[in-house]
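Everything below concerns the one structure shown next.
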Amino acid sequence: MKLATWNVNSLAVRLPQALAWLAEHRPDVLVLQETKLADDKFPHADFEAAGWHAQWLGQKTYNGVALLSRSEADGVVRNIPGFSDDQARVIAATVDGVRTIGAYFPNGQEPGSDKFAYKMRWMGALRDWVRAEMAQHPQLVLMGDFNIAPEDRDVHDPIAWAGKIHCTDEEREHFRQLLGLGLVDAFRLFDQPPKSWSWWDYRNLAFRKNQGLRIDHILVSEVLRPRVKACTIDKLPRKAERPSDHAPVVAEIG
DNA sequence: ATGTCACCTGGTAGGTGA
């Protein structure tokens, strides 16, 4: 099966691109982040007309997540159970026997800020919940926009980014704790081209100069690990007219 | 140093978030 994650930075703007990408790649599951749509504005009819099941959790202006699947999605969970949150960041469901969690991690803005503290709290709650989910569902995938570059090789300029948001020791420690639950970064199961990024700032001609970060990830549980056949970043949508600043990440599981 | 994009409010620009 094919699983994918994509931060679309407004589904109102990117709906045509999302539909085109789905039609071309036919993933079994695609999770979206930053839909930026209130629930009553979510274009479920457009997805359904194209043959996709849709689950979503949104809010006006900010955040918002969705899960699109070819098969029906069961056991849908919206946001982290037990963690009171007015931001729409998590959608989870079981599709074809695989527990699939789509997450939009907080950006965190700047170390020491209130938003950074929220990011830490949110990641702690996510970790505890994912641990419980894994106990129930050995076949589990956690994917989305983590807003963390796990290692220096995931950063175009590690010196300039040292200690900055996405690259702090605290964020990287949280990423390692997720791996410590028994998850593995699917992208690093394979030889990859150096300077592989999933996000490029809209500013400073960053995409043209390939100045980016790898902050979008697909983590798979240990039982799925031997079944992962490939994991790639699809840069093509980043070259389109009116692109999202993120590229889709895709994993193939046999 | 910011050469961007998307969204909102309140007003035809400015602020916020990423």
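Nothing here was measured: the structure is a model prediction, and the numbers come from that model.
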Distance in angstrom units between A:Leu37 CG and B:dA6 P, rounded: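 It works out to 13 Å between those atoms.
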Distance, rounded to the nearest Å, where A:Leu32 contributes CG and B:dA6 contributes P: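 Computing the A:Leu32:CG to B:dA6:P distance gives 16 Å.
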Which pair of heavy atoms, one from A:Ile215 and one from A:Ala149, lies closest together, and at what distance?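 The pair with the smallest heavy-atom distance is CG2-N, 3.8 Å.
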Please state the P separation for the pair B:dA6 and B:dG11 - nearest whole angstrom.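 These two P atoms come out 25 Å apart once rounded.
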Inter-nucleotide P distance (B:dG10, B:dG15), Å rounded: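 Taking atom P in both B:dG10 and B:dG15, they lie 14 Å apart.
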Evaluate the ring planes of A:Phe105 and A:Phe146, with Trp represented by its six-membered ring, and classify them as parallel (under 30°), tilted (30 to 60°) or perpendicular (over 60°).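 Parallel: the ring planes of A:Phe105 and A:Phe146 meet at under 30°.
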Could you check whether A:Ser221 and A:Gln139, counting side-chain N and O atoms only, form a donor-acceptor pair closer than 3.5 Å?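 Short answer, no.
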A:Asn204 and A:Lys209: side chain donor to acceptor below 3.5 Å: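 Per modelled atom types, A:Asn204 and A:Lys209 side chains form no pair under 3.5 Å.
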Base-contact (B) and sugar-phosphate-only (S) positions in nucleotides 7-18 of chain B, heavy-atom cut-off under 4.0 Å, - elsewhere: SSS-------SB
Any base atoms under 4.0 Å from A:Arg208, or only sugar-phosphate, or nothing? Heavy atoms, all strands.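 Nothing: the residue A:Arg208, judged by heavy atoms under 4.0 Å, touches no strand.
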Mark yes when over 12 heavy atoms from residues, nucleotides or ligands other than A:Asp169 sit less than 6.0 Å from its CG; otherwise mark no.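 Not more than 12 within 6.0 Å, no.
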A:Arg214/A:Asp185 salt bridge by N-O under 4.0 Å criterion: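 Looking at A:Arg214 together with A:Asp185, the answer is yes, because their closest N to O distance falls below 4.0 Å.
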